[in-house]
Amino acid sequence: MTSFFLTTAIDFVNSRPHLGTAYEKITADVIARYHRLKGDDTWFLMGNDEHSQNVFRRAQEQGKDPLAYCDEMEQVFRDVWRGLDISFDDFIRTTDQKRHVPAVQRLVQACLDNGDVYEGTYEGPYCVGCEEFKPEKDLVDGLCPIHKTKPEWIREKNWFFRLSRYQRPLLKFYADHPSFIEPEVRRNEVVRLVEDGLVDLSISRAGQSWGIPLPFDPTSVVYVWFDALTNYASAVGYGWDDALFAKRWPANLHIVGKDITRFHCVIWPAMLMSAGLPLPGRIFGHGWVFFKGERMSKTMGNIVDPLDAAKRFGPDPLRLYLTKEVPYGGDGDFTWERFEEKYNADLANNLGNLVNRVAAMTERFQHGRLAAGAGGPLAALAAEAARSYAGAMDRLALHEGVAAAYRLVSAANEYIAETQPWSLAKDPAKADALARVLYEAAEAVRIAAVLLLPVMPSSAAEILRRMGEPASPGDLRFDTATAWRTSGERGILNAGALWPRLEDKGAITVSETKSGDAGAEAPALHSEAPALHSEAPALRTPAAPVAPEQISIDEFMKVQLKVARVLEAARVPKSKKLVQLSVDVGEATPRTILAGIAESYEPEQLVGRTIVVVANLKPAKLMGIESNGMVLAASPEGGGALLIDAEPGAPGTRVR
RNA sequence: GCCGGAGUAGCUCAGCCGGUUAGAGCGAGCGUCUCAUAAGCGCUAGGUCGGCGGUUCGAGUCCGCCCUCCGGCACCA
């Protein structure tokens, strides 16, 4: 028996899942169910990513123990997944003491034993006030320019993974396994990224309690990616059940968002190589589902709760929409209008009505019973549909697979129109033809339902039941179930409409925004992403202490905000976002400040404007130009920048 | 700026190695049957296939240049 092990990204638990997160799980679930239908020994893994400072902080805000908070969130996630009919076989949490913790420790130990983990130290002047390391060049007379205090000299341990060593092995692996990274656009991206060189990865954080301690240095915990990625192995026995691990690993398919594909294609394989473990078969980076053309985000207030979409008719219409309307691998769009439109067209008018008319005619003309027989034109179409469906599904072209199933549905409707069973019923001499025609249609519907089983599990099962399929859906196997049946008799059930037509626009529209802890934008294995590739040596990045949620007035006062007048503005050559400003902040000479607002403003629009700047920001050089300060601007989700204007006032006036 | 992808009917997209009248689904309009959820079925969209130039007997389909959009990287202090 072929085995098939697939995973999705594990999710951060600092907010409930939104439609974008659900999209990933739904499509993965379709794939998992397809493989089960084929008879593969399928194992579908999902889980939560809990060792994140965001999670820790979130728990603290709510006055909860982090683990207790994670327990609650697990329930929230499981409830959503249940509501969407996600059939995962296992759910791993990164706080799992029995499975995940030993796995991470063993993996990091294996990498250490292989010489790929080394201890680096960062040392330098550390300003307690700023809570950060200060580059020597920023010190003024040996003092912190902001606090005017003498920084402490601090050494901090950090463990690094020798990612740089794997540049060549990875490139070779990509070349030898063309379908390792899909779709192709992601593959190109990753290959180029790796070609450009890899930087060793910091994999530990010192002085934190929320995380998995390094086995060889209990004072440090394993940092995000190393911890999170290991879930794929920890869930199937790595570090705690070698036999199980040998059975399941390697994973055949990792389904992840396109933003984190790179981490799965670079860090994860390198970790596995280092530990001497086999690599996964395929990593697929899916696209985003936008809402009305915009990325869903909490700040935009355009979060769609997947359960809202499933509220009235269950998860199947949503599952169908997301797999049929969005080419898998690309981005898609969700709007309630479109959702309703597709609901009516695909479900009410097309499939639902087909089931109804076949059942109604069979009941009326044949007393609800049909004798099987050799197939006519629809049998050939059904075979073609099943074949192209399987081909598409194997290629992960889910949308094409569904389209193939729908070709059969449409063909059945056309067939009925052509053969006109109701006319045949009027002529007793045509009784045989009538019986044959109705069976032909019913059998086509049955086969279409089999094809749709992975996409709409409960609806397809109901259709099968009505079409007299004796086997329970779980026992069906693709090859035999999609074959035309030529013998036997079956009872057809005429029941009510599966999907009542929606007559009013906005019939199933629900509130578009939720208050409270509606989802954040990113799927988990994400966000706190350390740079994979950057000019800055990884060694330079010290551990960032947890930022406090609230600051004191004193702390705020450290920031010197001042009114400034823009004297000159010009685009920085070769830059997409930078504008070079010359501003009057009430000092003897104008200051040069660079601002990343070129996408929102033409330089001419800026001259003469009165704005607010941060006057005591340490200088930084960007594109070779030194910037002495920073302008205040709102930066909405999805790019752009909106300058904060001030009433014209004397340049240099303190803002507070 | 560099790298990658894309620009085809109102919308979402197919169009492989170049070849008769450029396709599908949805929406819209018209017609029609009546088994069915006023659903189905049929017909209709006359689209500079982003623009210009080139190769060719012949180009969405190959080459060059340009424009626009989307990703990634460099900058976003």
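Lettering of chains follows the sequences in order, A, B, ..., and the numbering in each one begins at 1.
Inspection of the A:R357 and A:N413 side chains reveals an N or O donor paired with an N or O acceptor under 3.5 Å.
As rounded to whole Å, 13 Å separates atom C1' of B:rC73 from atom CZ of A:R186. Remark: P of B:rG10 and CG of A:D333 are 19 Å apart, rounded to the nearest angstrom.
Contact between the side-chain N/O atoms of A:R262 and the OP1/OP2 oxygens of B:rC73 is found at a separation under 4.0 Å. The side chain of A:R192 contributes no N or O atom lying less than 4.0 Å from OP1 or OP2 of B:rC3.
At most 12 non-hydrogen atoms from other residues, nucleotides or ligands lie less than 6.0 angstrom from CD of A:E568. Heavy atoms of other residues, nucleotides or ligands lying less than 6.0 angstrom from NZ of A:K342 number more than 12.
Nucleotides B:rG60 and B:rC49 have their P atoms positioned 7 Å apart, rounded to a whole Å. Nucleotides B:rU55 and B:rC41 place their C1' atoms 47 Å apart, quoted to the nearest Å. The same atom, P, is picked in B:rG42 and in B:rG27; the two are 14 Å apart, to the nearest Å. Nucleotides B:rC65 and B:rC75, compared at atom C1', are 28 Å apart to the nearest Å. If you take atom P in B:rC16 and the same atom in B:rG53, they sit 24 Å apart, rounded to whole Å. Atom name C1', nucleotides B:rC3 and B:rC26: the rounded distance is 36 Å, in whole Å. Between B:rG15 and B:rC62, the two P atoms lie 13 Å apart (nearest whole Å). When the P atom is used for both B:rC63 and B:rU56, the distance is 16 Å, rounded to whole Å.
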Output one line per pair: protein atom, nucleotide atom from nucleotides 22-31 of chain B, and distance, for all N/O pairs under 3.5 Å.
| from | atom 1 | to | atom 2 | distance (Å) |
| --- | --- | --- | --- | --- |
| B:rC26 | O2' | A:E341 | OE1 | 3.3 |

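Residues satisfying the side-chain hydrogen bond (donor to acceptor under 3.5 Å, both in side chains) criterion with A:E195, sequence neighbours excluded, are absent altogether.
Side-chain atoms of A:R338 do not come within 3.5 Å of backbone N or O of A:Y321 as any donor-acceptor pair. Using modelled atom types, no side-chain atom of A:D331 and backbone atom of A:V289 make a donor-acceptor pair closer than 3.5 Å. A:D316 contributes a side-chain N or O that, together with a main-chain N or O of A:S459, makes up a donor-acceptor pair within less than 3.5 Å.
With the 3.5 Å cutoff on both pairing distances, Watson-Crick and G-U pairs in RNA chain B assemble into runs of at least 3 at B:1-7 with B:67-73, B:10-13 with B:23-26, B:28-32 with B:40-44, B:50-54 with B:62-66.
Between A:N356 and A:K258, the residue anchored closer to the 5' end of RNA chain B is A:N356, taking for each the nucleotide with the nearest heavy atom. Between A:V409 and A:M361, the residue whose closest nucleotide on RNA chain B is further toward the 5' end is A:M361.
Note: A:L434 CG to A:D427 CG = 10.5 Å, rounded to the nearest 0.5 Å.
In this structure, the nucleotide among B:rG71, B:rG40, B:rG4 sitting nearest to the side chain of A:V185 is B:rG4. Checked against B:rC35, B:rG5, B:rU37, the side chain of A:W422 finds its nearest nucleotide in B:rC35. Side-chain atoms of A:N353 lie closest to B:rG40 of the nucleotides B:rG40, B:rC35, B:rC75. Among the nucleotides B:rC41, B:rA39, B:rG72, the one closest to the side chain of A:E189 is B:rG72.
In this entry the base of B:rG60 is syn relative to its sugar, with a glycosidic angle within 90° of 0.
Smallest separation of non-hydrogen atoms from A:F334 and A:L318: CE1-CD1, 3.9 Å.
In this structure the side chain of A:V191 reaches within 4.5 angstrom of the side chain of A:L171, judged on heavy atoms.
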